[in-house]
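Just so you know, residue 1 is the first one in the sequence shown, and it goes up from there. These values consider heavy atoms only, across backbone and side chains, with no hydrogens, waters or symmetry-generated copies.
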Amino acid sequence: MQAALEEAKRADARDEVPIGAVLVDEKGRIIAKNGNRTREMNDPSAHAEILCVREACKAANAQRIPGYTLYVTLEPCTMCAAALSFARIKRVVFGASDPKGGGILHGGRFYEQPTCHHKPEVSHGLMEEECGLILRDFFKKRR
């Protein structure tokens, strides 16, 4: 999670919403890491999680990457939760919960829907305070 938090800090420095993610393989090696780049890329889908999945799938030359674990600083939105399911990610670990925009424990609760074909293992609360603080500071500066 520390590596994901570093990616969130890099996103903050780019004036992006400071969310970071890392994708780890079965041996614990970081395969992809990124932070949000929606503004930089003019792409509303350029969330940290999506960018990591794209990079890993490209490297694996596959649309599915089972066995991988994604660490992300904030609860994934419904779009990202769906992408992680479609990629067959084994496990999702997130730091801070997102009652407003989260799609796993909150909102659409994508993995609980009958249309969800693959439900990753989910853990949350890892470095929750640090992950939440960077977001609170980011939005406090803008208000």
Might you work through the side-chain contact (heavy atoms from CB on, under 4.5 Å) test for Lys9 and Ile134, ending with a clear yes or no?
CA-CA 8 Å; Lys9 291 175 184 175; Ile134 191 171; 3.6 Å; yes
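With sequence neighbours excluded, the residues that form a side chain to side chain donor-acceptor pair (under 3.5 Å) with Thr38 are Glu16.
Remark: the backbone N or O of Pro120 is not paired with any side-chain donor or acceptor of Tyr111 at under 3.5 angstrom. In this structure a side-chain-to-backbone donor-acceptor pair under 3.5 Å is present from Arg109 to Leu105. The backbone N or O of Ala48 lies less than 3.5 Å from a partner atom in the side chain of Asn36, making a donor-acceptor pair. Side chain of Arg39 to main chain of Asp15: a donor-acceptor pair is present (N/O by atom type, distance under 3.5 Å, no hydrogens or angles). In this structure a side-chain-to-backbone donor-acceptor pair under 3.5 Å is present from Gln113 to Gly108.
Between the NZ atom of Lys140 and the CZ atom of Arg142 there is a distance of 13.0 Å, given to the nearest 0.5 Å. Note that CG of Leu84 is 14.0 Å distant from NZ of Lys119, once rounded to the nearest 0.5 Å.
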Donor-acceptor pairs are to be reported for all side-chain atoms of residues 59-74 against protein atoms at under 3.5 Å, with residues two or more places apart or in another chain.
| residue | atom | partner | partner atom | Å |
| --- | --- | --- | --- | --- |
| Thr73 | OG1 | Gly20 | N | 3.1 |

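Salt-bridge formation is not detected for the pair Asp43/Arg37: no Lys NZ or Arg NE/NH1/NH2 atom is positioned less than 4.0 Å from an Asp or Glu carboxylate oxygen. Salt-bridge formation is not detected for the pair Lys58/Glu55: no Lys NZ or Arg NE/NH1/NH2 atom is positioned less than 4.0 Å from an Asp or Glu carboxylate oxygen. Using a 4.0 Å cut-off between charged side-chain N and carboxylate O, Lys90 and Glu26 make no salt bridge. Under 4.0 Å is where a charged nitrogen must lie from a carboxylate oxygen, and between Lys100 and Glu75 no such pair does.
No single ILVMFWY cluster, assembled from side-chain heavy atoms under 4.5 Å apart, contains both Leu51 and Leu5. When the side chains of ILVMFWY residues are joined at heavy-atom separations under 4.5 Å, either directly or via intervening members, Ile19 and Ile104 end up in a single hydrophobic cluster.
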